[in-house]
Asker: 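Structure provided below as structure tokens; questions to follow.
Hydrogens, waters and symmetry mates play no part in the numbers below; they use all other heavy atoms, side chains included. So that the names make sense, note that chain A is the first sequence line, chain B the second, and so on, each numbered from 1.
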Amino acid sequence: MLPTSLDEAVEALAASPAAVPVAGGTDLMEAVNAGRLRPAALIGLGRITELRGWRYEDGGTAVLGAGLTLARMDRPDFAALIPALADAARTAGPPQTRNVGTLGGNIATAAPAGDTLPVLAALEASVTLARPGATREVPVSHLLTGLDPMRPGELLTWVRVPLLNAPQVFLKATGRSGPSRATASVALVLDPARRAVRCAVGAVAPVPLRPLEAEAWVAGCIDWDARGEEGVPAIDPAASAAFGEYVATACVPDGYGADAASGLAVEGPTAVALRLRRTVAVLARRALGRALK
Amino acid sequence: MTSPTDTALAPPDAPADSASASASAEGEEGAAQPFGLGSSPLRTDALPKALGIYPFAADLWAEGLLWGAVLRSPHPHARIVAIDTAAALAIPGVHAVVTAADLPNPGEGDAGAPGPGTDRPVLAAGVVRHHGEPIAAVAADHPDTARLAAASIVVEYELMEALTDPEQAFNAPPLHPDGNLFRHLPLRSGDPEVVGEVIVEGLYQVGRQDPAPIGAEAGLAVPRPDGGVELHLSSTDPHGDRERTAACLGLERDRVRLVVTGVPGATADREDLSFQVTLALLALRTGRPVKMTLTREESFQAHATRHPALLRYRHHADAQGKLVKVEAQILLDGGAYADVSSEALAAATAFSVGPYICPNVFVDAWAVRTNNPPAGRMRGEGALQTCFAYESQLDQLAARIGVEPLEIRRRNVLATGDAMPTGQAVTCPAPVAALLDAVAASPLPALPVDEPDTDWLLPGGPGGAGDPAAVRRGIGYAVGMVHMLGAEGEDEVSTATVRVSGDHATVICAAVDSGQGFATLARQIVQSVLGVSEVYVAPVDSDQTIAGPSARGRHTWVSGGAVERAALMVRHQLLQPIAANFGMSVELLSIADGKITSYDGVLGMPVTEALEGKELWATAQCRPHPTEPLDEAGQGDAFVSIAFCAMRAVVDVDIELGAVRVVDVTVAQDVGRALNPGQIEDRIEAGVAQGVGLALLEDLRTSGGLLVNPSLTGYRLPTALDTPEVRIAALLEERDVVATFGAKAVSAVPAVVAPAAIAAAVRAATGLPVGRLPIQPEDAVVA
Ligand SMILES: Cc1cc2nc3c(=O)[nH]c(=O)nc-3n(C[C@H](O)[C@H](O)[C@H](O)COP(=O)(O)OP(=O)(O)OC[C@H]3O[C@@H](n4cnc5c(N)ncnc54)[C@H](O)[C@@H]3O)c2cc1C
């Protein structure tokens, strides 16, 4: 099925609940080819042009279509709008997959290493879920943690992102120079209006993690008035480094990577945990540094 | 038999002047293709492969074909109590289910087929010894049905403890009737009591690299009316594979025909015996063509990997850093089956000191059986692992003595005439010092200091997390060596036929072009010897005469030698009547620029004219001089010839994240003679790329014997962004007088040296010891 409008797609999905929506297919077809998934029918979303762009709402919010491709999000106009999301989209796989892979698909797949997810979590974005005659708004974090999951027959249509008009950064550590999944990632956004820093760590847990205490602590360390001024450091480098450690300890538990089945009591952080913490700490420190540059 | 020295002498003026030959070819034919030896024509399959229109084995099709699928062991070690195929057979569309019981000769033990892998069953019978070992196979009318049916076969296992630590193999209960020790090779040379003034020790580890062929295993089997079977697949050893397949199927060898097709480029053996025999058996059982393609995961499970290794070294040197003694213990993890472990071990042992002189060498090397994935052939097997170890040792020694890494190497380099620890004198050119000088003299890549950060490709890649302030640059050097052709008494032989009719020539030789460029080279040889520009290389099948496997850098020598000799015989047939006509001997005529010329210039006749209406052909063989096995002290003339290579790697390391980017690799290689410089550069780039993979990325991990990352997401291959600028500082052309055209094999040695050079550069950037490959981020983090 290839609906050309949103309504048509929502109707089609309701009419055949066994059908599976497919956008770019870069996650879905991999599962089909590997034999992990045998959809009874497919509903292609590629022809729904209204979902492939974005619009503005109330001046302070961008409403992004679920069909926005990762490649489109990397273009300068979008990057000026939501820089961290553009950064994440730019590193999310090779050009071939980014040309067709979509924001909605990245969210719906909800992979631990999904690159847009920590950014959306840090931005406190929400999504619109549609079924015939009804829509509901769910914070991305609730969707991902399963607090309020997507229900059968629902279509993810829009992603609401607050526009902060301030520096924001997405940094990703990977195992190679070429396109690769994150081993850890950090999204960090400044919200000068609220004098707040929001940060999310990706790929270290099934869902992005928010180190709320570290965020609050570091917001107090920043000289918000000096920010952007030439030659005035907005934060003490030591505080910046401490923030990194704080985020890392908050997001990587001592027992990370320990063999749960072994049943041995964990004494202190595992070697894997220490390594991952180091990586997360460096990413968080660098992200803050770039945001305050 | 003949040695190539008496057959390989090209007419003195024919091959060398490729430039003028190519000019004339262009002039006459209007063709832009370069011509003859020394030029760099493109591979004929280069464009189709780049355009995606090359037909690979997975694209094969036959009317009425069935699809094959294999059931593989989910356990690394288990006894098979019972196999129940009833449920699979009951599925509509299933035409056959086969197990080891259906094989006339299951391939295990002495009754097995000859060649490597005689200890490896085609389909597991009593015991499975590694994760993914094939147990049964199905043919059905749809690939999904075949896979479903394979999954419906019920196997009752009795799990056994998996032996995954090669160090435990010695004391563990035998995993196989042949025991757990594939080979122990001691090497004793000199005085064991000598002690050096300076001693450096190291423990080195090499992980499991997979050939990860981009084209996964695929093939088509077609039953023949005579009860035999025809196999269409990407074999790299058509005759050996035919022999083994026929033996396992209990057929006469003539009843099995192997047609080589769709070779995707191979750095290891293709396709494994189990795949071929199973496919053939399914076709024989069903009487229908059967096609089988492995999934990526199966491909990782099925083919052999590089040998993981553990190497313990102790180097003794005098105060100036001259080596006085090397002691080493080398352990190769051969995995579940023998394959070529014995051969890999011989190379590891013989080259354990590297291209250096050392009077006293004491090595013990073992290759053992475990329940890990089987290891086998992969560019520079054995030689690569030790190169990493001995080069790391030399870096350590340099640091200890307080001299530059280059200097410590210069003080110890081997040269032609020197003896190796095996007692064999290096009779071929060994320009090791010149290779080092060439890379050292090559300019270094510029530091991107004046460029904006955004233009600097930082470790971690574009859009990564790199920070210029945390990046350190390191420069490392390595030299290494690898033998070419089969070692330790292996009979090396190849045969080729050259036929000329009218204005074109055809080469018939069963040497598979697995990417090494043999088909292009064969064309160039015939062009040079006969002056014919249009040369076709026939597709390979096992009905042709034997040429041997595409491995060990042998085809340029043996098959190239056979092609040259056949071409020379045709040349003689062509020139004989002309010479007789002019009352002069054939030796006074030469072929150059597509023209036959007499020594006095009186005669000048285009080759095409001389060939008109003629059909000439000749078949010839090439067999290099024999070698001998290493004895119980690791002594013997085991190798036909050796190739050397030096590299300088430049890396950038983000010392906080441990991310490494190889910026530049500069190479000087001992090639004997550059028969196709373009192709040599490609092979060097390929070797460097594979070396980058092993040094930084590629590791097929196991946990309790189970594969952890059998996918191209989990198993990270280097991408274009990970592979560095590769610069050729020099292709040193010192002829190896016994080799065909004086040329040395070029593919393996860059792959052998690159990991060691990259490790040395990371060491220089971080000051850390770097004792394992691949280098993990934590090995490059400076705390
Ligand atoms: C080689 C390769 C590399 C990759 N690298 C990365 C990477 O580095 N980082 C990363 O984050 N991702 C990566 N990916 C994953 C993938 O490209 C992204 O997750 C992409 O955003 C998925 O989008 P899609 O449109 O292709 O989704 P699809 O495959 O079409 O769909 C994925 C899932 O989402 C559902 N779905 C899609 N749209 C909707 C909708 N509107 N409403 C409800 N459900 C929907 C589908 O039913 C399906 O279950 C990679 C993929 C490949 C093949």
Asker: Nearest 0.5 Å, please: how far is OG1 in Thr249(A) from CG in Asp254(A)?
Answerer: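 Answer rounded to 0.5 Å: 9.0 Å.
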Asker: Picking from Ala465(B), Pro718(B), Gly658(B), which has the most non-hydrogen pairs under 4.5 angstrom with chain A?
Answerer: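 Looking at each of Ala465(B), Pro718(B), Gly658(B) in turn, Ala465(B) comes out on top.
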Asker: Using side-chain heavy atoms (C-beta onward) and a distance below 4.5 Å, is Met292(B) in contact with Glu217(B)?
Answerer: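 Heavy-atom side-chain distance check fails, nothing below 4.5 Å.
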Asker: Kindly compute the distance separating CG (Leu274(A)) from OG1 (Thr279(A)), expressed to the nearest 0.5 Å.
Answerer: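 Going from CG on Leu274(A) over to OG1 on Thr279(A), the span is 11.0 Å.
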Asker: Tell me, out of Pro462(B), Gly460(B), Ala470(B), who's got the most heavy-atom pairs with chain A below 4.5 Å.
Answerer: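 So the answer, after comparing Pro462(B), Gly460(B), Ala470(B), is Gly460(B).
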Asker: Drop me the distance from Asp87(A)'s CG to Ser185(A)'s OG, to the nearest 0.5 angstrom.
Answerer: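 Rounded to the nearest 0.5 Å, the CG-OG separation comes out at 11.5 Å.
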Asker: Carefully, step by step, assess Val653(B) and Val471(B) under the rule side chain to side chain contact (heavy atoms under 4.5 Å, CB included).
Answerer: CA-CA 5 Å; Val653(B) 182; Val471(B) 172; over 6 Å; no
Asker: Checking Thr174(A) against chain B: side chain, backbone, both or neither under 4.5 Å from a heavy atom?
Answerer: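 Contact with chain B: side chain only.
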Asker: So which residues of residues 774-783 of chain B are in contact with chain A at a heavy-atom cut-off of under 4.5 Å?
Answerer: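 Glu778(B), Val781(B), Val782(B), Ala783(B) fall under the 4.5 Å cut-off.
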Asker: Establish, from distance only, whether the side-chain atoms of Thr305(B) and Asp210(B) form a donor-acceptor pair under 3.5 Å.
Answerer: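 No pair is found: no donor N or O on one side chain lies under 3.5 Å from an acceptor on the other.
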Asker: Could you tell me whether the side chain of Thr723(B) reaches within less than 4.5 Å of the side chain of Val662(B), counting heavy atoms only?
Answerer: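 Val662(B) does not reach Thr723(B) side chain to side chain.
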Asker: Hey, which residues of residues 689-716 of chain B are touching chain A, say heavy atoms under 4.5 Å apart?
Answerer: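 If one takes a 4.5 Å heavy-atom cut-off, the residues of residues 689-716 of chain B near chain A are Leu697(B), Thr713(B), Arg716(B).
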Asker: Starting from the C-alpha separation in whole Å, work towards a yes-or-no answer on side-chain hydrogen bond (donor to acceptor under 3.5 Å, both in side chains) for Arg772(B) and Gln205(B).
Answerer: CA-CA 5 Å; Arg772(B) 64 172 164 176; Gln205(B) 246 177 306; 5.7 Å; no
Asker: Which heavy atom in Ile107(A) sits nearest to a heavy atom in Leu117(A), and how many Å separate them?
Answerer: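 What the structure gives for the nearest pair is CA-CD2, 3.8 Å.
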Asker: At a heavy-atom distance under 4.5 Å, which candidate from Gly466(B), Pro459(B), Ala469(B) has the highest pair count against chain A?
Answerer: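 Ranked by contacts with chain A, first place is Gly466(B).
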Asker: Mind checking whether Glu30(A) and Arg36(A) have side chains closer than 4.5 Å, heavy atoms only?
Answerer: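 A side-chain contact under 4.5 Å exists here.
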Asker: With a 4.5 angstrom heavy-atom cut-off, could you sort out which part of Arg278(A) is near chain B: side chain, backbone, both or neither?
Answerer: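 Arg278(A) touches chain B through side-chain heavy atoms alone.
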Asker: Can you find a heavy atom in the side chain of Arg275(A) that is under 4.5 Å from one in the side chain of Val252(A)?
Answerer: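 Not in contact.
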Asker: Mind listing the closest non-hydrogen atom pair of Gln168(A) and Leu85(A) along with its distance?
Answerer: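 Looking at all heavy atoms of both residues, the shortest contact is OE1-N, 4.4 Å.
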